[in-house]
Amino acid sequence: MLEESEARHRILEWTSPGSVIWVPLELALDQVLSQEIVGLIDSPPFDNSSMDGYAVRASEAFAGARLRLVETVQPAGGDLGLTLDAGEAIRIFTGAPLPTGADAVVMQEDVEVAGGIITLHEGVEPGENVRRRGGDVCAGQILLRRGEVLTPARLGLLASQGIPEVPIHARPLVQIVTTGDELVEPGAPLLPGEIYNSNSPMLQAAVARAGAIGAASHAIDNPEILRETLSRALAAADLVVVAGGVSVGERDYVKETLTELGVETEFWRVRVKPGKPFLFGRHPDGTLVFGLPGNPVSAFVTFTLFVAPVIHRLLGHEVEAGPAGPGTLSGIAAEAMANPGDRPHYLRGIVENGRVRLSGTQQSHAIYGLSRANCLIRLAPDQSVAPGEPVIYRLI
Ligand code: AMP
Ligand code: MG
C-alpha cells in the first residue's frame, strides 16, 4: 500500500500544464497565464489633466495671479495641439492632453473668470493636477508573469494596454463515471434497497470548482455496460474519474475492466482514511484514470487529495507535492481528536478564527457532516490532539 505523499508524487509525475490556448479577456478570469506579458504602450499614453480646470505655467500661477484666457478649449478625446504662451491659461477637462508649454492645471474651483481673464485664488506647483505619460506603466515593462492568476484588476490592466487576448492553459475535460446497481438519479422514485446518486453532482461540482470541465455518466455493475461506458469516457476526456466499484467486492469490476481497455494501473490502494481503495492508472493515449471509493465522503476526500491537484497543475498553477500535500494550514484544536489507526485520517472539520472542531458523524457515508464542514483535518497515525494543541487542516 502506497503512502499518501508517494501516491500524490507518482500522480503529479505524469502531469504537466495542458496545451496553450489564446482566449479573449472575457473568458480569462481566474485562469493562469502561460507566458509573461510585457507592456505595449506607455500609460497614460500622453500627459493629461486630472481635473476640470485651466492649463497654466506653474511659475506664473501664484495666488492672486491674473492670466489671459485663450478662446479655444481643450476637451478630452482629441488633441488640438494647442500651445500655451506666457501669461495665458487654456480651459481644459479631465483626461484632456496638456497643451505644449503648460506644466500644471489649476482646478476650476480655485479660479474666478471675468472678461476673458482668470484670477487665481490658489497657486499651483509644477506637475500639479497633471498625469504624466508613462506615470503608471512604461512600454516594455513586465506587466504579468507566467503562472500568475488573471484577477479582474489584471484583466483591466491588460485592457488598458489594448491587449484583447491572453495565452492560458486549456481547461481539462473530466469525465466522471459513477457505478452501482443500487443508484438512482435525484428526481426519480426510490425503490427498496436503492439510494440516490450523490457522487455524480458532487464530483461534477468539485471538478468545476477545481477549474476543469466536468461531465458525468453512470454504469450499473455489469462488465459489458461498464466497459462500454468507460471506453467512451477514455475516448472523450483528459481525465476519467470512476467512483465506486474499485474495492474487493464480487461486483467491483472497475479494475479489471480498465485493464481490458488498455489502462495500466500505476497503483491501487493508498494508506489514507477514508479512501484506501483509491486507484491511479494511465491509458496509452495519455488519459489519466482515477478510481475513487464509492462512499461519498471517501470519494470527496480522495478527489481533494489526489485529483484536484492534477487539475490545478494542468491549468498551470504551481502545485507543491509536500508530505501533506498542497494547501495545508495550521490551526488550534477546539476539542480533543484522536486517530488510533495506522493510516492518516482526514476528519471533516469546521475552522473558525483558526480554531478547529469536528463536523458531525465521521463515517465515510455520512455526507451531512461533510456538507457542514469547511475543512479536512489531518491526523497522522496514532496522533491524538488535546484542546489547545496545534492541528493541520486544509480548506474545502
Ligand atoms: P463501492 O465503492 O462501489 O463498493 O461503494 C461503496 C458504498 O458507496 C456503497 O454503500 C455504495 O452504495 C455507495 N456509493 C457508491 N457510489 C455512490 C454514489 N454515486 N452515490 C452515493 N453513494 C454511492
Ligand atoms: Mg458499488
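Because the structure is a prediction, the values reported are computed rather than measured. As the structure lists them, so they are numbered: ligands from 1, and atoms in each ligand from 1.
Ion pairing of Glu4 with Arg378 is present here, as a side-chain N (NZ or NE/NH1/NH2) and a carboxylate O approach within less than 4.0 Å. With respect to Glu3 and Arg271, a salt bridge is recorded, a charged nitrogen being found less than 4.0 Å from a carboxylate O.
Taking the six-membered ring for Trp and thresholds of 30 and 60 degrees, His317 and His312 have ring planes more than 60 degrees apart, a perpendicular arrangement.
With 3.5 Å as the limit, one finds a donor-acceptor pair spanning the side chains of Asn197 and Thr178.
Using a 4.5 Å heavy-atom threshold, the side chains of Val356 and Cys375 count as touching. Side-chain contact between Asn339 and Asp382 is absent, with no heavy atoms from C-beta onward closer than 4.5 Å.
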Polar pairs, ligand 1 vs protein, N/O only, below 3.5 Å.
residue, atom, partner, partner atom, Å
ligand 1, 2 (O), Gly294, N, 2.9
ligand 1, 3 (O), Gly245, N, 2.9
ligand 1, 8 (O), Gly294, O, 3.4
ligand 1, 8 (O), Asn295, N, 3.1
ligand 1, 8 (O), Asn295, OD1, 3.4
ligand 1, 12 (O), Glu182, OE2, 2.5
ligand 1, 14 (N), Gly294, O, 3.3
ligand 1, 19 (N), Asn197, OD1, 2.8
ligand 1, 19 (N), Asn199, ND2, 3.3
ligand 1, 20 (N), Ser198, N, 3.1
ligand 1, 20 (N), Asn199, N, 3.4

